Amino acid sequence: MAHHVTDRPPVHALLADGTTVCIRSVVAGDHDQLEGLYEEMSPENLRLRFFAVSHRSAHLAADRACAPARSGYRALLAETQGQVVGLAEYDAGDGGDSGDETDAAEVSIAVADGLHHRGVGTLLVEHLVSAARAEGIRAFTADALSENHAVLKLFADLGLRTTRRFEGPEVRCSIALDQSDSYLTAVEERGRAADVASLEPLLRPKVVAVIGAGRKPGSVGRAILHQLHAGGYTGRLFAVNPAAHAIIGVPSYPSVSALPRTPDLAVLAVPAAAVPETAEACGKAGVRALLVVTAGLDADQAQALLATCRSYGMRLVGPNCLGISNTDPQLTLDATFAAGHPRPGTAGVAVQSGGVGIALLDGLSRLGIGVSSFASLGDKFDVSGNDLLQWWESDGRTGLALLHLESFGNPRAFSRTARRVTRRMPLLTVDAGRTDAGRRAAASHTAAAATRTMTRQALFTQAGITATRSVGELLETAALLHSQSLPQGARVAIITNAGGAGVLAADACAEAGLSLPVPAPALVDDLLAVLPDGAAVGNPVDATAAVTEEQLTDCLDRIMRYGGVDAVLVALVPTAVAAATGDDLVRALTSGPGRRAKPIVAVRLEQGLPVELLPATEDGTVPSYAEPQAAARALAHATRRAAWLARPAGTVPDLDGIETERARTVVETYLAAHPDGGWLDPRTCADLLSCYGIPQIPWAWAETEDDAVLAADRLRGFDGRVVMKAHWPGLVHKSRQHAVHLDLRGDSQVRAAYRDLETRFAGLTTGVVLQPLAARGTELFAGVVQDEVFGPLVLFGLGGTATEVLADHAARLAPLTDHDVHDLITSPRCAPLLFGAQGSGSVDLGELEQLLLRLSRMAADLPQLAETDFNPVLATPGGVTVLDARIRLVPCRPQDPYLRRLR
């Protein structure tokens, strides 16, 4: 049966043409508008909706939608600027009357005449699907006339499993509401198309107005107007200033409403207090996008700005930003107040910091990579990095994406987008804010281990994003990925004309995780035949200061053909020998194709700039670095990207024995008794783990000394020893509190241990947990922490009492794929222990994977699960068992991270 209907807050989302609508629950005051929605429909559309044309249909339909809330029924409407343009409803009734599904609901849709084929109905159904899933409904059913091709196509294109049964002139549709990957992909594709359409007036505006450009130099508005004008913007450009008729040759008008043409994009460079009123004027005039560079908005001004943008359907960049640009030669839009114009090119750039934006624009222009489009997102009220990724994916000009994001609005949606985009182009970011994370002041091992840095790194790793630690490293890596092919492995050959430079390069490569294979004897002979006397052919290859350009070219060509290396690093220093002979050793690197089958990088210690792109003779470039560490870092990033691309996309495995509905009942029952949440008692905790098939060591609960003795007798293993642990609400670190007795033999030791705990923790303890003493094995740690922004994070690593001190943990965001769980197990430093490194035999890796996958599934199913702490988890060749489990629940409204909505 459907759960009780709960109200959902209104959200804004994009239609297929990029316009904005508000999706919200129907209220009683909507009756007249809903009745009007039906009354204004053509007779034909009314017939398709109600199967007949009746004057009573509109009134009855509005009555039903506006009736008091009832279990199993929900009505959502779409409105734009206060006008209702669509309605979608489901009614579970007594669980559905189709006979096909026990938890089914009848669904119906109505869209205003004139708004068909713009995605209103599809968007409403997506939101209805999300609401229905949260309320326990597993399928929709719908009756339609067989000639109603529009609604039948809507159901067929949703991405959900749909079956049809023809009954005379009608069609009975049944739609399963499982959240499959095919459904998420279909939603994603619809969202991408709508997003790109909504960004057209922002990044490809035909008319731009700058509001707040001063008559005298010195204002930000005037600087942006100058950049647009001097940069050669090809559209119509206006200024808005009531005190001027023209500014730097650009016609000026007293207000937005006075402009001869309605702007697609308005740039607001007015004082903070004037921003809400100016935005309202833009909305009334029909402006479709705002760029707000103004800083210092207070909370009320910020709220008013965003509300106005949503009300009038305007996309917003900013406030508090540097601006935007698009170097498309058919447009040449530079609406920034940067000092110079960005060089046209192939890198898409999105930043939150204006200073970082200027550094990236300058660096990319200097390198010759150039920029396709740029957005300084500032306070990021609306347009985000996710929006820009989808734009770059579709613009036909971007081949490299660079992000500097200080915050994430919807990381799980961003991750899906990034996984798709980064298979087409490199996606690089600066992992900003690392030092601000710190450790949480939290009760459990899991929460103490989970830093914001670890969470961000998990997101970047799983999505295939190349994460660098500085703007400089970002540019160094971008230079390599832009100019060279990807290495097929981590094996690097080093060639140098100075032994010391070769040693520095070798150290840098080893520290970056790259390998330096010893050349095969045949290659050694081959190289000695072309290099000068005294050359040392190892790795590095020391070609000596006497090497000529021709010899270096021959050496490089032979190493490039050698199958035992994946990349080549050439470290060169200027010598008097080369100067005297007129040899240009750098030319040996650039005389071949710029993009070879294997990447080649140069290190020139005398180079003035951190990184340069050296022009090659055959349409390409070779990256050159001033420091070997920079070259090695860039090669390591390229190697990781190649490995990520070579691995098929992971899948979330199906698990047997999962009882999600029972688990939700356990959670709801606990939270009903504990409205503020808390740590589960051992019995409730074990009940929840059993819903997911997570193995626990046998245990018993005792509240008296005699009960403890009886429980110990039942639990004693082959050697008769047991463990006793005190329990009270909120106790997490039992060892730290000395609330554990180990290795108890016989009834007298059990009684003594019970009395000790009862005495020392009088007034606290509510009972004790007894377990058989576990066999020897590897003690591990597994847990989950629910991040309010990123969602559930699964952690894994070395366990026991020193888990926080050693900090040997890896983390991935749930839900885990088969690749993620493999990475989790192999990433910690303790991983060799699991594979039998000390001769004790490998632990049961299959069971360990199952434990982590089931933990991930539990976290993904239950948003109320704030923390889960399994420590220790005992891993042996014979299996994996949780010895101690702690779970904390908090009240939490489930949220669908993949539902299409604007922030």
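The figures that follow rest on heavy atoms only: side chains count, while hydrogens, waters and symmetry mates do not. Since the structure is predicted, the reported quantities are computational estimates derived from the model, not experimental observations.
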Is Asp654 atom CG crowded by more than 12 heavy atoms from other residues, nucleotides or ligands, each under 6.0 Å away? no

Ignoring hydrogens, what is the shortest heavy-atom contact between Arg857 and Thr660? Give both atom names and the distance. NH2-OG1, 3.4 Å

So CG of Asp861 and CZ of Arg854: to nearest 0.5 Å the spacing works out to 12.0 Å

So the salt bridge (Lys or Arg N to Asp or Glu O under 4.0 Å) pairs with at least one residue in residues 757-772 (sequence neighbours excluded) are Asp756-Arg760

For the ring pair Phe781 and His809, is the centre-to-centre distance below 6.0 Å? yes

Run the salt bridge (Lys or Arg N to Asp or Glu O under 4.0 Å) test against Arg423 and tell me which residues pass, sequence neighbours left out. none

Sorted by chain and residue number, the salt bridge (Lys or Arg N to Asp or Glu O under 4.0 Å) partners of Asp820 (sequence neighbours excluded) come out as none

Examine distances only and state if a side-chain atom of Gln749 and a backbone atom of Arg745 form a donor-acceptor pair shorter than 3.5 Å. yes

Enumerate the side chain to side chain donor-acceptor pair (under 3.5 Å) contacts for residues 702-712, please, sequence neighbours excluded, ordered by first and then second residue. Trp701-Glu703, Thr704-Asp707, Glu705-Arg751, Glu705-Arg755, Asp706-Arg751

I'd like to check the side chain to side chain contact (heavy atoms under 4.5 Å, CB included) partners of Arg412; sequence neighbours left out, ordered by chain and number. Asn410, Pro792, Pro897, Tyr898

Quick one: CZ on Phe140 to CG on Leu128, what's the gap to the nearest 0.5 Å? 4.0 Å

Exactly one of Asp687, Ile887, Leu865 clears side-chain contact (heavy atoms from CB on, under 4.5 Å) with Leu680, and that residue is Ile887

Is it the case that the side chain of Thr651 and the backbone of Pro653 share a donor-acceptor pair, with hydrogens and angles ignored and the cut-off at 3.5 Å? no

Do the side chains of Val843 and Leu845 get nearer than 4.5 Å, heavy atoms only? yes

Determine, stepwise, if the pair Thr817 / Arg812 fulfils side-chain hydrogen bond (donor to acceptor under 3.5 Å, both in side chains). CA-CA 10 Å; Thr817 67; Arg812 293 294 184 270; over 6 Å; no

By ring pair (Phe, Tyr, Trp, His ring centres under 6.0 Å), which residues pair with Tyr692, not counting sequence neighbours? none

Quick one: do the Ser180 and Arg161 side chains pair a donor with an acceptor below 3.5 Å? no

Would you indicate whether Arg647, at its atom CZ, is surrounded by more than 12 heavy atoms from other residues, nucleotides or ligands within a distance under 6.0 Å? yes

